[in-house]
Amino acid sequence: DPAQRLAELEKRFQEEREGWTEFRKQARTLEERAEVNASFPRAEFAAEYAAIAEAARGSEVAAQAWYGLFRLGLMVEERELFARGLEQVLAEHVRSPVIGSVMSALVYGAPEWTVPAAQGALRKIVAGTDSKDIRAEALVELAMMVGLDPALGAQGRAEALELLGRIER
């Protein structure tokens, strides 16, 4: 049963993450942080998340499993896992309740390297969701990202205003 497998995997992931997080807090340099990130058993968890998602294709269990892969990549700063999980959850589950969690992970406390992917993801969510509330949240978050991006300057601020104007009342 994929739902049971996912519940067991999430429990193991949480237990592993708790111990690992303590080591990560002690990392003082980028090199130490990279070593701690590399020490997490990502291959084991990544393979299991992907297998569950494939076994439960099209279901909420699959959405949760792809989200798990995305979170794993974000946590250990492995861009390939991050991108694969994000791509799959957006391609197959943009109307899933998990999208709210995806948006939060992309926006709050995410590393700088995720910004281009976050902007692209928010655009896909705006285009693909049926939820007025999710669309509004994605528009606000995207407007903040592009409006405050110094590289985009006046063009980013203009786009931010356009995005905010698209929020349905």
Check your understanding: Of all residues at least two apart in sequence or in a different chain, which pass the salt bridge (charged side-chain N to carboxylate O under 4.0 Å, His left out) check with Glu32?
Key ->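 For Glu32, no residue satisfies salt bridge (charged side-chain N to carboxylate O under 4.0 Å, His left out) once neighbours in sequence are set aside.
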So, for [X] and [Y], which heavy atoms are closest and what is the spacing to 0.1 Å?
X	Y	value
Val89	Ala63	CG2-O, 3.9 Å
Ala138	Val126	CB-CG2, 3.6 Å
Ala105	Leu74	O-CD2, 3.8 Å
Ala160	Gly147	CB-CA, 3.7 Å
Val61	Leu6	O-CD2, 3.7 Å
Ile167	Ala136	CG2-CB, 3.9 Å

Is the shortest heavy-atom distance from the side chain of [X] to the side chain of [Y] under 4.5 Å?
X	Y	answer
Glu60	His93	no
Gln119	Asp149	yes
Leu86	Tyr67	no
Glu77	Trp113	yes
Ser39	Trp20	yes
Phe70	Leu106	yes

From [atom1] ([X]) to [atom2] ([Y]), nearest 0.5 Å:
X	Y	atom1	atom2	value
Ile99	Lys124	CD1	NZ	11.0 Å
Glu168	Arg135	CD	CZ	5.0 Å
Leu164	Arg166	CG	CZ	10.5 Å
Glu44	Leu9	CD	CG	8.0 Å
Glu141	Leu122	CD	CG	7.0 Å
Glu137	Ser104	CD	OG	5.5 Å

Under the 3.5 angstrom rule, does the side chain of [X] hit a backbone N or O of [Y] as a donor-acceptor pair?
X	Y	answer
Arg33	Arg28	no
Thr129	Ile125	no
Trp66	Ala53	no

Check your understanding: In this structure, are over 12 heavy atoms from other groups packed under 6.0 Å from Leu161 atom CG?
Key ->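 Yes, because the 6.0 Å sphere around CG of Leu161 holds more than 12 heavy atoms from other groups.
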Check your understanding: So does Gln155 have more than 12 non-hydrogen atoms from other groups sitting under 6.0 Å from CD?
Key ->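 Not buried by this count: 12 neighbours or fewer within 6.0 Å.
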Point to revise | Residues Arg84 and Tyr49: side-chain donor-acceptor under 3.5 angstrom | key: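 Their side chains do not contain a donor-acceptor pair, so the 3.5 Å distance test is not met.
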Review point. Looking at Phe45, Phe13, Phe82, which hits side-chain contact (heavy atoms from CB on, under 4.5 Å) with Met75?
Key: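 The passing option is Phe13.
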**Study point:** salt bridge (charged side-chain N to carboxylate O under 4.0 Å, His left out) partner of Glu48, the single match among Arg5, Arg12, Arg42
**Key:**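 Between Glu48 and the candidates, salt bridge (charged side-chain N to carboxylate O under 4.0 Å, His left out) is satisfied uniquely by Arg12.
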Check your understanding: When Gln14 is tested against each of Glu10, Glu18, Lys11 for side chain to side chain donor-acceptor pair (under 3.5 Å), which residue passes?
Key ->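 One option only clears the test, and that one is Glu18.
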Check your understanding: What about Val140 and Val115, same hydrophobic cluster or not, with Ile/Leu/Val/Met/Phe/Trp/Tyr joined at side-chain heavy-atom distances under 4.5 Å?
Key ->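 Hydrophobic grouping puts Val140 apart from Val115.
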Practice item. Given side-chain hydrogen bond (donor to acceptor under 3.5 Å, both in side chains), test Gln26 with Glu22 step by step and report yes or no. Key: CA-CA 7 Å; Gln26 297 172 20; Glu22 290 304 313; 5.4 Å; no
Exercise for review: Just do the side-chain contact (heavy atoms from CB on, under 4.5 Å) check on Phe40 and Thr21 with the steps written out, would you?
Suggested key: CA-CA 10 Å; Phe40 194 86; Thr21 301; over 6 Å; no
